[in-house]
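In this chain, numbering begins with 1 at the start of the sequence shown.
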Amino acid sequence: MNNKKVGLLAIGMCLLMIAASFSGCVTEEESEEMVLIFGSSGDAKRLDPGDVTDGESIQRMDNIFEGLVEYEPDSTEIKPCLATSWNTSEDGLNITFNLRHDVKFHDGTDFDADAVVFSLARQYDTTHAYHDYGEWAYWGYMFSDIDRVEKIDDYTVKIVLKRTNAAIMTSLAMFTVCIVSPTNAEEWGEDVFKHPSGTGPFKFVEWVKDDHITLEANDDYWREKPKLDKLIFRVIEDASARLMALQTNEIQGMEYPDPSSFDAIEADSDLQLLTEPGMNVGYLAINCGYGYTDSNENGAHDLDEPWIETPGYSEPLTNKKVRQAINYAIDKNSIVDNLYKGTAVVAKNGMPPFMLGYNDDIEDYSYDPAEATKLLTEAGYPNGFTSTLWVMPVSRPYMFDPSKIGEAIQGYLAAVNITVEIYQVDWSTYLEKTEAGEHPMCLLGWSGDNGDPDNFMNVLYGENACSIGTAGNVAFYNNSRVQEVLSAALQTYDTTERANYYEEAQVLLHENASHVYLAHSNQNIVFTSNVHGYVLHPTSRKFFYPVTIE
């Protein structure tokens with residue numbers, strides 16, 4: 001072979017290796033390691049556990065960070081993690097944690113009480129030096145009952161509550177309150193979300209936006225070192241492309257497979273499909289028109305201050321009869337049968353049927369275009385109206401194919417003279433703008449974080465979650481009675497009483513029709529057959545620590 005051909009061959013090999021490194025493929029050096037590449041439907045938004053609400057960010061961070069407590073591998077029962085034990089005062093307002101010794105952050109600094117106080121205080125203390133670096137939306141959703149976190153000594157901390165909270169211990173296993181390195185935060189400042197440092201089984205290596213995030217095994221992990229040497233999350237938005245990459249071993253796992261491919265997956269001996277019922281809900285949220293910009297010191301809206309119009313305010317949608325008409329206009333059974341393809345059940349309430357307080361006595365809105373037209377006429381819109389439906393650009397655990405579902409809804413509404421334009425934008429912007437209320441209507445959903453009904457009901461439908469810019473209640477449905485019963489439910493440990501409160505809230509939500517509840521989906525994930533040890537978690541969070549490749 002002449003020198004020219006040798007040179008061209010060498011250049012070609014270099015280009016292939018460069019392409020491989022940027023596409024998340026395994027290089028020759030990595031082939032000698034145990035590397036798992038996971039195909040994700042979208043990229044992370046941020047890599048700070050306290051400052052995210054989206055599952056794509058969370059699935060990366062769940063392998064980098066840890067909290068005081070954690071869930072059992074297959075349930076939402078809690079067990080010790082960075083705290084070895086805890087005790088609660090008789091009045092339920094003080095929880096004291098004994099911390100684990102000899103744990104290091106990925107940056108080499110020590111985990112201790114100061115790190116716990118830092119990680120939590122930055123989210124609630126408006127005078128904290130790092131408070132302005134995040135929005136801390138989840139703190140407002142789930143943790144506003146925490147008054148303060150106190151250091152007792154280097155390895156003891158106390159969480160002081162403003163009031164009793166029946167869900168607080170299960171909530172403390174959520175990603176929001178995972179512990180971050182104060183030293184790392186000091187080094188990176190407002191860019192710390194790009195350079196995460198936790199105590200978890202994998203360490204952050206690199207983030208190539210919209211392509212891949214690479215993690216590597218934490219050699220100094222306080223438990224046994226992970227079996228995987230590297231864990232790479234590679235962005236492949238299209239489900240068919242993800243499956244093709246899996247079939248050719250470019251990746252070894254993928255999320256959100258197209259249900260129409262299940263038969264082919266199960267017939268392929270080189271693949272394995274894992275399926276479990278999902279703790280989620282997919283919905284259409286109808287912007288009711290009003291939110292607020294600030295909350296009081298208890299994390300709740302001050303009702304003496306006026307509500308303000310959301311950016312997506314639309315007069316027809318503020319009318320209850322119009323929202324009821326939209327519910328009657330949509331054939332949810334057809335959507336579940338033909339688009340979810342047997343991997344979901346129709347939703348009639350805003351939380352899964354197996355949760356405490358689910359109100360099965362509610363009669364769902366039937367598919368009734370004639371009733372929808374009648375209600376529109378009564379509301380003053382006999383000729384319908386025009387609006388916009390925001391549709392997610394990525395698959396989610398509660399909605400595999402948002403684009404097709406959006407098109408189906410567009411057709412159903414057109415049949416009752418509601419003309420809907422579909423709008424799509426990238427996932428990060430979509431979340432930011434729907435939390436700010438810029439949409440008239442939007443498709444979204446929720447995967448439960450802790451197994452408690454409060455995590456659905458208060459976060460998605462509470463008046464206190466209508467803050468423009470960080471809203472969990474993206475319908476901006478504000479009803480003081482709903483908030484009253486949801487707050488009461490959270491402050492009682494009597495399960496019968498709690499259930500009654502949630503049942504009442506669901507009646508009010510159904511009547512006011514702020515959402516069209518579409519489906520509760522199964523969670524599905526596919527791996528190559530040589531991947532072992534992965535356990536589907538009820539929360540849909542993705543933990544790769546136990547995983548090995550044969």
Side-chain angles (χ1 to χ4, degrees), residues 41-42 54-56 237-243 255-262 277-287 312 317 323 325-352 364-369 372 386-416 418-427 429-431 433-434 439-447 460 474-475 513-524 540:
S41 68
D54 67 294
E56 293 300 335
E237 293 185 353
D238 181 73
S240 297
R242 287 198 298 276
L243 180 57
E255 61 184 356
Y256 317 138
D258 184 338
S260 64
S261 69
F262 282 8
M279 187 168 60
N280 59 54
V281 61
Y283 57 72
L284 164 67
I286 306 170
N287 194 331
L317 302 180
R323 298 195 300 269
I326 291 171
N327 270 268
Y328 278 116
I330 297 172
D331 189 347
K332 298 194 295 187
N333 284 294
S334 177
I335 287 174
V336 168
D337 289 344
N338 297 307
L339 298 180
Y340 282 87
K341 300 175 183 176
T343 65
V345 296
V346 172
K348 70 175 179 179
N349 290 317
M351 66 178 185
D364 196 10
Y365 290 96
S366 58
Y367 173 51
D368 192 339
T386 299
S387 189
T388 303
L389 172 62
W390 289 39
V391 174
M392 294 174 292
V394 297
S395 300
R396 306 307 306 137
Y398 43 77
M399 198 175 298
F400 158 71
D401 198 336
S403 293
K404 288 184 179 177
I405 291 172
E407 291 169 2
I409 290 172
Q410 182 184 45
Y412 289 129
L413 295 182
V416 296
I418 300 176
T419 301
V420 169
E421 177 184 352
I422 289 179
Y423 175 77
Q424 282 191 310
V425 69
D426 70 272
W427 180 228
T429 305
Y430 188 91
L431 290 171
K433 291 184 176 293
T434 52
H439 56 286
M441 296 184 283
C442 72
L443 292 181
L444 257 175
W446 192 256
S447 294
L460 301 181
V474 295
S514 58
H515 296 71
V516 180
Y517 304 119
L518 296 172
H520 305 293
S521 301
N522 295 337
Q523 55 169 319
N524 307 291
S540 296

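A donor-acceptor pair under 3.5 Å is absent between the side-chain atoms of H515 and the main chain of A285, judged by distance alone. Under the 3.5 Å distance criterion, the side-chain polar atoms of N280 are left unmatched by any main-chain donor or acceptor of W446.
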Exercise. After noting the C-alpha distance and the side-chain angles of V420 and T386, does the key distance pass the side-chain contact (heavy atoms from CB on, under 4.5 Å) rule?
Worked result: CA-CA 6 Å; V420 169; T386 299; over 6 Å; no

Exercise. Where do I422 and E407 land on the side-chain contact (heavy atoms from CB on, under 4.5 Å) test, with the steps shown first?
Worked result: CA-CA 8 Å; I422 289 179; E407 291 169 2; 4.1 Å; yes

For this session: Take Y430 and L444, measure what side-chain contact (heavy atoms from CB on, under 4.5 Å) needs, and give me the verdict at the end.
Result: CA-CA 10 Å; Y430 188 91; L444 257 175; 4.1 Å; yes

For this session: Apply side-chain contact (heavy atoms from CB on, under 4.5 Å) to Y423 and C442, showing your working.
Result: CA-CA 9 Å; Y423 175 77; C442 72; over 6 Å; no

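When every heavy atom of P259 is checked against every heavy atom of T343, the shortest pair comes out as CB-CG2, 3.7 Å. Listed here is the closest heavy atom pair of V416 and A329: CG2-CB, 3.9 Å. The two residues D426 and T429 come nearest to each other via the heavy atoms OD1-OG1, 2.8 Å. Taking each heavy atom of S521 and A344 in turn, the nearest pair found is CA-CB, 3.7 Å.
Scored by the side chain to side chain contact (heavy atoms under 4.5 Å, CB included) test, E56 finds S40, S41, D54, Q59, R60, E255, Y256, R396, W427 as partners (sequence neighbours excluded). With sequence neighbours excluded, the residues forming a ring-ring contact (aromatic ring centres under 6.0 Å, His included) with Y328 are Y365, listed by chain and number. With sequence neighbours excluded, the residues satisfying side chain to side chain donor-acceptor pair (under 3.5 Å) with Q424 are S403. The side chain to side chain donor-acceptor pair (under 3.5 Å) check on N287 picks up T310, with sequence neighbours excluded. Scored by the side chain to side chain donor-acceptor pair (under 3.5 Å) test, N524 finds T275 as partners (sequence neighbours excluded). Here W390 pairs with nothing under the side chain to side chain donor-acceptor pair (under 3.5 Å) rule; sequence neighbours left out. Residues that satisfy the side chain to side chain contact (heavy atoms under 4.5 Å, CB included) test with P402, not counting sequence neighbours, are V391, M392, M399. In this structure, the side chain to side chain contact (heavy atoms under 4.5 Å, CB included) partners of N349, at least two apart in sequence or on a different chain, are Y358, N359, I362, Q506. S240 is linked by a side chain to side chain contact (heavy atoms under 4.5 Å, CB included) to D238, counting only residues two or more places apart in sequence or in another chain.
Within the 4.5 Å cutoff, the side chain of P397 has no heavy atoms near those of the Q523 side chain. Proximity of L389 to Q410: side-chain heavy atoms (C-beta onward) are nowhere separated by under 4.5 Å. Looking at S261 and L243, their side chains come closer than 4.5 Å, going by heavy atoms from C-beta outward. At least one side-chain heavy atom of V474 sits less than 4.5 Å from a side-chain heavy atom of Y283. Contact of the M441 side chain with the L317 side chain is registered, since non-hydrogen atoms from C-beta on lie closer than 4.5 Å.
With rounding to the nearest 0.5 Å, the separation of CD1 in I330 from OG in S366 is 12.5 Å. Atom OG in S387 sits 8.5 Å away from atom CD1 in I418 (nearest 0.5 Å). Here L518 contributes atom CG and I409 contributes atom CD1; the two are 5.0 Å apart, rounded to the nearest 0.5 Å.
Within 6.0 Å of CD in E237 there are 12 or fewer heavy atoms belonging to other residues, nucleotides or ligands.
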Show me the side-chain donor-acceptor pairs of residues 331-340 shorter than 3.5 Å, one per line, residues at least two apart or across chains.
residue	atom	partner	partner atom	Å
D331	OD1	N333	N	3.3
D331	OD1	S334	N	3.1
K332	NZ	A347	O	2.7
K332	NZ	D364	OD1	3.3
K332	NZ	D364	OD2	3.0
K332	NZ	Y517	O	2.7
S334	OG	N338	ND2	3.0
S334	OG	Y412	OH	3.3
N338	ND2	S334	O	3.1
Y340	OH	Y398	O	2.9

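Between R242 and D258, no side-chain nitrogen of the basic residue sits less than 4.0 Å from a carboxylate oxygen of the acidic one, so the salt-bridge criterion is not met.
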